[in-house]
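Throughout, protein chains are lettered first and strands after them, A, B, ... in sequence-line order, and every chain is numbered starting at 1. Every heavy atom of this structure was used, including side-chain atoms; hydrogens, water molecules and symmetry mates were not.
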Amino acid sequence: MPVVTLPDGSQRHFDRPVTVDEVAASIGPGLRKAALAGRVDGKLVDTSYVISRDANVAIVTDKDPEGLEIIRHSTAHLLAHAVKELFPDAQVTIGPVIEDGFYYDFSYKRPFTPEDLAAIEAKMQELAKADLRVERRVMPRDEAVKFFKSLGEHYKAEIIAGIPEGEEISLYGQGNWVDLCRGPHVPSTGKLKVFKLTKLAGAYWRGDSRNEMLQRIYGTAWADKKQLDDYLKRLEEAEKRDHRRIGRELDLFHMQEEAPGAVFWHPKGWTVFQTLIGYMRDRLRQTGYQEVNAPELMDASLWEQSGHLEKFGENMFLTRTPDERVYAIKPMNCPGHVQIFKQGLRSYRDLPLRFAEFGKCHRYEPSGALHGLMRVRAFTQDDAHIFLTEDQITEETIAVTRLLLDTYKDFGFDDVIVKFADRPEKRVGSDEVWDRAEAALKEAARAAGIEYTYNPGEGAFYGPKLEFVLRDAIGRDWQCGTLQVDFNLPGRLGAYYIDEHSQKRTPVMLHRAIFGSLERFFAILLEHHAGKLPAWLAPVQAVVLTITDRQNDYARNVTETLKNQGFRVECDLRNEKVGFKIREHTLQRVPYLLVVGDKEVAANLLSVRTRGGKDLGAMSVETFRERLAVEVESRGRRTLED
RNA sequence: GCCGGCUUAGCUCAGCUGGUAGAGCAACUGAUUUGUAAUCAGUGGGUCGGGGGUUCGAUUCCCUCAGCCGGCACCA
């Protein structure tokens, strides 16, 4: 005699066990139709689930986030069903829900083609329209293994064999197709209406590159058409922000075949790049760092000593010189900085010693990993190594995290997530040393007031790290900054200082980067701002444009004046209509357009228009200069419009 | 590195089943002296990613290499 308590607190009494479906029906036919699943005492179940005892019950529909997940999960099943209909000897594997959609991995004798994809999607539509009932049943594990083997589904059988013996396995069937699944699922395929297959890709079985490659089909599914359209619009928006496209359109940089993964910086791009470095140099000066510069090319033995060659040798550029020596092009800066530390005798009084470098590093990244400026083979790190004693770690960590977060604010990133990455499988140093390093970093993070989540096994091979992740304007996350505690490399590379008792001691080293790779940070900035860099970063801050050639002298004068004040200003004297010039420079994302016609010349003024199309009216050159100076000084936290 | 796709003018892209290539924008030349997102007219421009093969003939079919794109794996 179950008593069902609904989310609004109301209760329903039944004189016999009831299904979720029946509960929904008892509330109303509309809800019954909308029901995708149930939540019984907090647990998600199918609508066919039988409630035989008193319970809290909620009906899950496509208005609930769980409902959408169930739709996606069931759509993944629908995909597998369609593939099996069209390609009976394809084998199914796994098909989870992911952000905005789902995928399903198959094993098949030949690759799926884009045409196959269209056919599969059509078959899915057909199966959805047929409104097949989705039925759940259970089976003992060993029986399930046999069952899937008999179907020729060896991957499924392998998955089930990995489930503890004696557990019951749930299977879901629709039409003549059955799959292993935990569920829950929608009650019938007719509930799946808005979906789209998006891409084909390869993926390794169980995510291990030593295993065979399966074929992955990605798809997206939504509760209604509008949500799908919004999603597609979001993809379009991301594409418009693509830094590779903006880089070309704004003439910032290019890459070419002869130098895969390396950047040719054009004048405008390099201007921004240098502005980033200039900004960081100011920061370093304020926070007690000293800039250094170490060789790009050093004997490979140094990298053997550090452990890099062993762990990353495959990913390093090596070069044999005519004198038969093998040199490595530096993939990172730390060993170089340790060499600088080692020159002369260091005293504990010198610590913490902070060496910073805008070091150009080269890494032979796997060809498939290259991606615009985001993943390159030649990049510049805003790297620093801080040599200190163990008991200075906390204080220094507080200072570093403050610098990191403050810097990000200057670039418009207020939303920063921190992750704690602990010891990886492949590492140097004893467990005892790792225990100390991890404990020290945790304590330091606590003292700095940082909340973090765990990223297990993702630390550097020489020490644990804090990872700083930025959230951009369209909600994407980018890992940029890092702070690593290293109890290993200084010792391996023979660094020591003299302590207060005249004893040799090995220092601890903090590795930290704020931008990470400047190339990558540049790309993130472009995408974050959709190319509309704030005035302090924009390669061209303003363009003076004339109406007719009667204003040429005045325009040239204004341009020179502003340039002499340190602003990046150009003038456009071309024999074109203002509308044309405005369009061009707006497309070039120039923050301010300064229009001069006869009126402005007569009154000694500028008419100021923003790239957003806002008319700020006429003002004197001096007024404009002052306001732009304030904007640049405040790093764009204030603009002329404010 | 692995799987799939792509590579045609500076850019974006057409080019059916093999018969040596087109458009728009850009560029260049000329006219126009113009008031807040495209003035008009004319002209030039391509070893169809590289190499090899099949064929009387290859941008088109096959092989191979490279790069790029989307994933996977990797990311000090």
Quiz item: When only distance counts, do a donor and an acceptor, one from the side chain of A/D615 and one from the base of B/U36, lie under 3.5 Å apart?
Solution: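 It does not, because no donor-acceptor pair links the side chain of A/D615 to the base of B/U36 below 3.5 Å.
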Quiz item: Is any side-chain N or O of A/R375 under 3.5 Å from a base N or O of B/C74, one able to act as donor and the other as acceptor?
Solution: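 Side chain to base: pair found, below 3.5 Å.
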Please measure how far the [atom1] atom in [N] lies from the corresponding atom in [M], and state the result in whole Å.
N	M	atom1	answer
B/A58	B/C48	C1'	11 Å
B/U47	B/U7	C1'	16 Å
B/G22	B/C6	P	24 Å
B/G30	B/G24	P	22 Å
B/U17	B/C13	C1'	22 Å
B/G4	B/A76	P	29 Å
B/G19	B/U60	P	11 Å

For [N], does OP1 or OP2 lie under 4.0 Å from any side-chain N or O of [X]?
X	N	value
A/R245	B/C11	no
A/R611	B/A37	no
A/K577	B/A37	no
A/R492	B/A76	no
A/Y103	B/C72	no
A/H585	B/U36	no
A/K199	B/G70	no
A/R609	B/A37	yes

Self-check item: Per-nucleotide protein contact string for nucleotides 2-8 of chain B (B base, S sugar-phosphate only, - none; heavy atom under 4.0 Å)
Solution: BBS----
Quiz prompt | Protein-to-nucleotide contact annotation, 5' to 3' order, nucleotides 40-49 of chain B [B base; S sugar-phosphate only; - none; under 4.0 Å, heavy atom] | solution = ----------
Pick base, sugar-phosphate or nothing for [X], based on heavy-atom distances below 4.0 Å to the nucleic acid.
X	value
A/L587	base
A/G613	nothing
A/K614	nothing
A/S306	nothing
A/R363	base
A/V595	base
A/D598	base
A/K599	base
A/H511	nothing
A/E600	base

Only counting residues at least two apart or in another chain, list the ones meeting side chain to side chain donor-acceptor pair (under 3.5 Å) with [X].
X	answer
A/T113	A/E115, A/D116
A/E153	A/K84
A/Q484	A/Y462, A/T482

Practice problem: Output yes when a side-chain donor or acceptor of A/D382 lies under 3.5 Å from a complementary backbone atom of A/I514, and no otherwise. | Solution: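 Side chain of A/D382 to backbone of A/I514: a pair is present.
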Quiz item: Do any N or O atoms from the side chain of A/E600 and from the backbone of A/G597 form a donor-acceptor pair under 3.5 angstrom?
Solution: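 Judged by distance alone, yes, a pair lies under 3.5 Å.
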Exercise. Quick one: stems involving RNA chain B, counted as three or more successive Watson-Crick or G-U pairs, both distances short of 3.5 Å.
Key: B:1-7 with B:66-72, B:10-13 with B:22-25, B:27-31 with B:39-43, B:49-53 with B:61-65
Expressed in angstrom and rounded to an integer, what is the separation of [X] atom [atom1] from [N] atom [atom2]?
X	N	atom1	atom2	result
A/I582	B/U39	CD1	C1'	15 Å
A/F253	B/C68	CZ	P	13 Å
A/K581	B/U33	NZ	P	14 Å
A/E576	B/A37	CD	P	15 Å
A/I547	B/G35	CD1	P	7 Å
A/R210	B/G1	CZ	C1'	14 Å
A/L235	B/C69	CG	P	17 Å

Quiz item: Taking the side chain of A/R244 as heavy atoms from C-beta outward, which of B/A76, B/A73, B/G70 is closest to it?
Solution: B/G70
Quiz item: Taking the side chain of A/N315 as its heavy atoms from C-beta onward, which of B/G71, B/G35, B/A76 lies nearest to it?
Solution: B/A76
With [X] via side chain to side chain contact (heavy atoms under 4.5 Å, CB included) - residues at least two apart:
X	answer
A/W205	A/T93, A/Y155, A/E158, A/I159, A/N211, A/E212, A/L214
A/M619	A/V608, A/L616, A/T623, A/F624, A/R627
A/A259	A/A262, A/F264
A/V418	A/I450, A/Y452, A/L466, A/F468

Exercise. Scan side-chain atoms only and decide if A/R216 and A/Y218 contain a donor-acceptor pair under the 3.5 Å cut-off.
Key: yes
Quiz item: Are a donor atom and an acceptor atom from the side chains of A/T220 and A/W222 found within less than 3.5 Å of each other?
Solution: yes
Quiz prompt | ring-ring contact (aromatic ring centres under 6.0 Å, His included) partners for A/F515, two or more places apart | solution = A/F411, A/F521
Table please: side-chain donor-acceptor pairs of residues 364-373 of chain A below 3.5 Å, with sequence neighbours left out.
{"from": "A/E365", "atom 1": "OE1", "to": "A/R375", "atom 2": "NE", "distance (Å)": "3.4"}
{"from": "A/E365", "atom 1": "OE1", "to": "A/R375", "atom 2": "NH2", "distance (Å)": "2.8"}

Quiz prompt | First encountered from the 5' end of RNA chain B, between A/C334 and A/G597 | solution = A/G597
Self-check item: A/T548 vs A/E365, nearer the 5' end of RNA chain B by closest nucleotide
Solution: A/T548
Quiz item: Looking at A/F461, is A/K311 sitting on its ring face, NZ or CZ under 6.0 Å from the six-membered ring centre and within 45 degrees of the normal?
Solution: no
Exercise. Evaluate whether the aromatic ring of A/F580 and the six-membered ring of the B/A38 base sit under 5.5 Å apart, centre to centre, with an inclination under 30°.
Key: no
Quiz item: Going through the distances and angles, do A/F358 and A/Q381 end up as a side chain to side chain contact (heavy atoms under 4.5 Å, CB included)?
Solution: CA-CA 5 Å; A/F358 297 96; A/Q381 259 186 331; over 6 Å; no
